K.L.:
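Quick one: this structure, given as structure tokens, is what I'll be asking you about.
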Amino acid sequence: MKKKIISLTLSVAMFLSVFPTTFATGGSLTNFKKKNTYVPGQFSDVAPGAWYENTVASAYETGLIKGSSETSFNPNGNITMAESLALASRIHNIYNGGSGEFTQGSPWYKVYVDYVVKNDIYELASQHSHSQLNANWSRENFIRCLSKAIPEEELNEINSIPDGSIPDVFWKNDEIYSLYRAGIITGNDEKGTFNANSPIKRCEVATIVARLIDKSKRVKFSLSGGLVMPDSITIEEQKDAINIGNRIYLHATVLPDTLRTNKTLVWSSDNPTVASVDDDGDVTGLTPGEANITATTVNGLSYTVRVKVMDLRPKFTYDSVKELAIACSEAGDAGIRMSNYLSAALDDLLDRENIYLRYSMIKKEAESVSWDLTTAIKILKKHVPVKLTDGSTLLELAEKALSANEKIIALEMTEDTAIERSIELYDLVSDYLIHTSAIIGIVADMSANVVK
């Protein structure tokens, strides 16, 4: 059950950040009119001077939020998903010139579920069960849904809230950050803590709604916490040399590891002709030599690692490369055809006749490849001492490819066993392709270093 809930929350977040909401031309916040009159003390549980007193009054007067009874508001009570969808529906409808009135059926929330789906406010609403719709909704899900009830242009930025400055909100959570910046949400403390997973309270809902539909009630503020500056930075040391043309990723660890820590880094190389580094810490070997790669934080902390670049590419004579390239490329052409047949075979996994037909084609190609690989191995034996950067030799790669190829030839399949053995065939052809492709790629690279 816990996994299902997590999956559902992620689906909600993904949906609400992808699909655009539908708005009518000419929608306006001026469409929200006063429908009721709030009398101070009307709700016995809304104390005079309470931080939410004025916003409860405003939300009540627009008719968007009612009391839990004639004399109480239940400010600390929670709001369910169904109630949230109803509220989002009414706000969207009124903004676009509607009355905000809906004819309820059975169950009462179905009309609102249909509305938010149709208007791209929350397209996944119809996939929720009755119990889910009647469960309390979190602050994050409520905000994500309600932020789709009016267009983005109504959320004018009046506060400077840098990415990462809200302590418990991920930097890329645009809906929440946009409401902070618009002065609709201020957080639960001076640092702006959001408490995303907590159930949202009715007093909080009233405040958010009042500020959402009336810009004069929005709040200008700043967060005292702000971004956290790094305490330290380290980079994993590189023990192995980089081959010319190869790349490595330098992983930097910036502490403290929090959502508010500013982890922006500036990367540099003191010898860019030997090794260059990009903004993400990817280092490329260019010429033989050594270079210091440094990462610097926004507050001036830095860490440097030394990388060594070597020319580890094997050298061949012109004739041997030409001879080897011909043999390997011929094997490679057949391998490409084998790959195509294999893909078709897997697509036809439920069709015994087609699988068997594809297998026959693969086996025919395998028999023609065997001769090419055997020839390649004879040529490669002249170059056994040549080592690759991972310690293997071209000969070893070719022998592995030939071994896989011979197993393909030896494999016997009938129409009755085609489905069951298709995975075995897949593994064998994959082994062949991996090793043959490695040979072809290496030969192509070596062609640039031929010693004539």
Side-chain angles (χ1 to χ4, degrees), residues 162-165 170-172 227-316 321 324-325 328 332 383 385-398 400-401 430-431 433-451:
D163 286 344
S165 59
F170 184 62
W171 290 33
K172 301 299 182 182
L227 289 176
V228 173
M229 291 296 105
D231 291 335
S232 66
I233 176 176
T234 55
I235 303 176
E236 185 177 349
E237 298 291 336
Q238 295 300 310
K239 298 180 180 179
D240 299 327
I242 309 173
N243 195 4
I244 289 178
N246 286 359
R247 301 176 67 186
I248 60 169
Y249 170 69
L250 295 180
H251 176 69
T253 300
V254 179
L255 298 177
D257 187 15
T258 71
L259 290 172
R260 294 172 57 222
T261 301
N262 190 330
K263 296 183 179 181
T264 303
L265 297 175
V266 175
W267 292 87
S268 62
S269 169
D270 71 346
N271 199 349
T273 60
V274 170
S276 64
V277 61
D278 64 15
D279 294 339
D280 298 318
D282 283 326
V283 178
T284 301
L286 300 175
T287 58
E290 296 186 359
N292 291 315
I293 307 298
T294 302
T296 305
T297 65
V298 291
N299 59 339
L301 302 178
S302 64
Y303 196 95
T304 299
V305 294
R306 193 163 183 80
V307 296
K308 185 176 183 179
V309 180
M310 298 179 65
D311 189 351
L312 302 174
R313 299 170 297 181
K315 300 293 190 296
F316 293 91
V321 169
L324 179 60
C328 289
H383 310 288
V386 178
K387 290 282 185 178
L388 306 179
T389 54
D390 65 355
S392 62
T393 66
L394 291 175
L395 176 62
E396 290 169 345
L397 289 176
K400 289 178 181 178
S430 294
D431 285 343
L433 291 173
I434 288 171
H435 296 109
T436 304
S437 297
I439 295 171
I440 296 170
I442 291 167
V443 172
D445 290 340
M446 292 309 102
S447 298
N449 296 316
V450 172
V451 180

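In this text, all values refer to a predicted model and were calculated from it rather than measured experimentally.
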K.L.:
So how far is it from Asn246 CG to Leu286 CG, rounded to the nearest 0.5 Å?
P.N.:
11.0 Å
K.L.:
Could you grab the distance from atom CD1 of Ile242 to atom NZ of Lys308, nearest 0.5 Å is fine?
P.N.:
12.0 Å
K.L.:
Are the side chains of Trp267 and Leu250 in contact, using a 4.5 Å heavy-atom criterion?
P.N.:
yes
K.L.:
So among Ile248, Asp270, Val277, which one has a side chain to side chain contact (heavy atoms under 4.5 Å, CB included) with Ile293?
P.N.:
Val277
K.L.:
To the nearest 0.5 Å, tell me how far Ile235 CD1 sits from His251 NE2.
P.N.:
10.0 Å
K.L.:
Return each pair, listed once, that meets salt bridge (Lys or Arg N to Asp or Glu O under 4.0 Å) where at least one residue sits in residues 281-300; pairs must be two or more places apart or across chains.
P.N.:
Arg247-Asp282, Glu290-Arg306
K.L.:
Return the CG to CD1 distance between Leu265 and Ile233, rounded to the nearest 0.5 Å.
P.N.:
4.5 Å
K.L.:
Say you draw a straight line from CG of Asn292 to CG of Asn271; how long is it, rounded to the nearest 0.5 Å?
P.N.:
8.5 Å
K.L.:
Can you name the residues that form a side chain to side chain contact (heavy atoms under 4.5 Å, CB included) with Ser302, not counting sequence neighbours?
P.N.:
Thr294, Thr296
K.L.:
What residues form a side chain to side chain donor-acceptor pair (under 3.5 Å) with Thr297, not counting sequence neighbours?
P.N.:
Asn299
K.L.:
I'd like to check the side chain to side chain contact (heavy atoms under 4.5 Å, CB included) partners of Glu236; sequence neighbours left out, ordered by chain and number.
P.N.:
none
K.L.:
Do you know which two heavy atoms are closest between Ala275 and Ser269, and how far apart they sit?
P.N.:
O-OG, 2.7 Å
K.L.:
Of all residues at least two apart in sequence or in a different chain, which pass the side chain to side chain contact (heavy atoms under 4.5 Å, CB included) check with Pro288?
P.N.:
Ile244, Asp311
K.L.:
Restricting to side chain to side chain contact (heavy atoms under 4.5 Å, CB included), what partner residues turn up for Leu255, sequence neighbours left out?
P.N.:
Ser232, Thr253, Asp257
